[in-house]
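A quick write-up on the structure given underneath.
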Amino acid sequence: MKRRLNARVLIIAAVLACLISTAAPLRAYDPVPALRNLSGAPHAVIWLLQVKPGREAEFVNAMVTTGPYNKLLSGFASEKLLEPLPVADGATLYICFSRYYDKGTAAFVEPERIEAITSYLTAPPARLDLSLVEHLLANWGWERGTDQQVMRTEAFKNEEIFRKNITSLSFFKAGYVGQIGMMEFFEAGSDVEAVRKTASARSGLSGASVYKIDGEDRYVVYSEFFKAPADIAARQLHIVPGTVPVGQYAGVVAQNYIPR
């Protein structure tokens with residue numbers, strides 16, 4: 001009886017080993033498809049939000065809970081919320097930067113969100129619609145002690161960046177916070193080549209997205225850094241109600257998420 005049992009055990013073990021050896025190997029989650037899609041999101045929305053001192057935590061909670069994060073919306077790509085740098089005494093300006101695959105999704109999300117955050121604001125929020133021009137992705141030259149190389153890439157036009165280790169893709173990743181983000185609003189009539197050169201020349205750059213403001217002859221660039229420029233805290237944004245801002249706003253990425 002024992003011999004028959006042992007034989008059966010050996011047969012079962014052999015069959016299992018054969019199945020395991022011929023099965024397709026297990027693979028870890030591949031982030032490339034999500035990063036590729038996000039990089040191709042053609043639309044973005046910027047909100048400039050003046051928050052009442054002492055109400056920042058409530059404001060952030062309301063932004064997240066009423067935003068696109070939990071709504072399973074196929075048109076939503078990602079969102080980042082920038083809060084003032086710690087050295088910006090008394091500053092309460094937050095910037096919300098959202099990427100979308102279609103404008104209708106943004107229009108769907110916003111009424112509920114505005115209603116939820118209005119009581120935390122000192123002034124009505126300013127809103128800008130943007131259209132993607134290109135991304136500027138850097139390598140790790142600043143870290144290696146070599147010249148930093150920056151590659152231009154348009155939506156869905158450079159598959160090489162997702163197949164080869166030639167640029168960093170961390171700029172598109174969600175989840176991690178605490179990095180420095182900078183929103184730069186260029187003067188009207190600025191040449192796109194000059195905008196590109198300005199954004200690409202900053203040492204320690206992780207990546208930048210170049211947008212054109214809808215209905216305006218104006219460009220906006222959102223950048224993040226491996227190592228932020230030394231003078232980042234001195235960057236200033238000039239805001240006149242009813243007009244497009246000019247200058248630079250640097251803040252800490254306090255929220256950074258994609259749909260779930």
Side-chain angles (χ1 to χ4, degrees), residues 31-49 59-60 62-83 94-118 124-137 152-158 161-162 169-177 179 181-186 192 195 199 206-216 218-224 244-245 249 251 253-260:
V32 166
L35 296 179
R36 184 191 294 112
N37 283 343
L38 194 153
S39 71
H43 308 292
V45 174
I46 294 175
W47 286 93
L48 285 80
L49 304 144
F59 161 76
V60 171
M63 283 290 289
V64 175
T65 55
T66 60
Y69 177 51
N70 289 310
K71 290 184 169 59
L72 297 176
L73 300 170
S74 61
F76 168 60
S78 72
E79 183 168 275
K80 299 189 181 190
L81 185 64
L82 304 183
E83 64 181 12
Y94 282 69
I95 287 185
C96 182
F97 172 54
S98 310
R99 303 182 197 258
Y100 289 96
Y101 299 112
D102 62 71
K103 293 182 179 181
T105 300
F108 173 78
V109 170
E110 289 162 7
E112 179 186 358
R113 172 176 265 182
I114 291 300
E115 183 178 353
I117 66 174
T118 295
R127 180 188 188 279
L128 293 172
D129 279 303
L130 313 175
S131 294
L132 179 65
V133 176
E134 65 188 19
H135 303 292
L136 305 168
L137 301 179
R152 289 175 52 201
T153 177
E154 297 179 64
F156 304 120
K157 290 187 178 180
N158 190 348
I161 63 171
F162 299 105
L169 297 178
S170 62
F171 177 62
F172 296 123
K173 292 180 180 178
Y176 69 102
V177 296
Q179 67 272 32
M182 186 171 75
M183 195 69 70
E184 186 167 8
F185 299 83
F186 287 81
V192 68
V195 169
S206 167
S209 293
V210 181
Y211 290 90
K212 198 169 187 296
I213 301 175
D214 291 356
E216 299 272 351
R218 300 280 301 273
Y219 290 96
V220 176
V221 176
Y222 175 71
S223 305
E224 285 183 7
V244 177
Y249 172 96
V253 178
Q255 297 290 332
N256 177 15
Y257 48 79
I258 58 176
R260 74 166 187 176

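Along the sequence shown, residues carry numbers from 1. Predicted, not measured: the structure shown is a model, and the values here were computed from it.
With contacts defined as side-chain heavy-atom distances shorter than 4.5 Å, the pair Val64/Phe59 does not qualify. Tyr100 is listed as a side-chain neighbour of Val45, based on a closest heavy-atom distance under 4.5 Å. When side chains are defined from C-beta on, Gln255 does not count as touching Tyr69, because their heavy atoms never get closer than 4.5 Å. Side-chain atoms of Tyr101 and Asn37, non-hydrogen and from C-beta on, do get closer than 4.5 Å to each other. You'll find the side chain of Ile46 reaches within 4.5 Å of the side chain of Phe185, heavy atoms only. Contact check for Leu81 versus Val253: no side-chain heavy atoms found under the 4.5 Å cut-off. With a 4.5 Å cut-off on side-chain heavy atoms, Tyr211 and Leu128 do not count as touching. Between Phe172 and Ser78, the closest side-chain pair of non-hydrogen atoms is not below 4.5 Å.
Using cut-offs of 30° and 60° for the angle between ring planes, the Phe76 and Tyr257 rings count as tilted.
Note that CD of Glu224 and CE of Met182 are 11.0 Å apart. Values are rounded to the nearest 0.5 Å. In this structure, OG in Ser206 is found 11.5 Å from CG in Leu136, a value given to the nearest 0.5 Å. Expressed to the nearest 0.5 Å, how far CD1 of Ile114 lies from CG of Leu49 amounts to 7.0 Å. The structure places CG of Asp129 at 9.0 Å from NE2 of His43, a figure rounded to the nearest 0.5 Å. How far CH2 of Trp47 is from CD1 of Ile117: 7.0 Å, rounded to the nearest 0.5 Å. To the nearest 0.5 angstrom, Asn158 atom CG is 11.0 Å from Arg36 atom CZ.
For Lys157 (side chain) and Thr153 (main-chain N/O), no donor-acceptor pair under 3.5 Å exists by modelled atom type. In terms of modelled atom types and a separation under 3.5 Å, the side chain of Asn256 and the main chain of Lys173 share a donor-acceptor contact. Remark: the backbone N or O of Lys80 is not paired with any side-chain donor or acceptor of Arg99 at under 3.5 angstrom. With Tyr249 contributing its side chain and Leu48 its backbone, the two residues share no donor-acceptor pair below 3.5 Å.
Of all non-hydrogen atoms in Ala44 and Phe97, the two that sit nearest each other are CB-CE1, 3.8 Å. Between Val221 and Ala208, the shortest heavy-atom distance links the atoms CG1-CB, 3.8 Å. When all heavy atoms of Ala62 and Ala116 are compared, the pair lying nearest together is CB-O, 4.1 Å. Of all heavy-atom pairs spanning Gly181 and Leu82, the tightest one is O-CD1, 3.9 Å. The two atoms that bring Leu132 and Ala41 nearest to each other are CD2-O, 3.7 Å, heavy atoms only. Of all non-hydrogen atoms in His135 and Ser39, the two that sit nearest each other are NE2-O, 2.6 Å.
Other residues, nucleotides and ligands contribute over 12 non-hydrogen atoms within 6.0 Å of the CD atom of Glu216. Residue Phe162 places its CZ atom among more than 12 non-hydrogen atoms of other residues, nucleotides or ligands, all under 6.0 Å distant.
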Discussion item. With salt bridge (Lys or Arg N to Asp or Glu O under 4.0 Å) as the criterion, how do Glu79 and Arg113 come out once you've worked through the C-alpha distance, each side chain's angles and the decisive distance to 0.1 Å?
Written reply: CA-CA 14 Å; Glu79 183 168 275; Arg113 172 176 265 182; 2.8 Å; yes

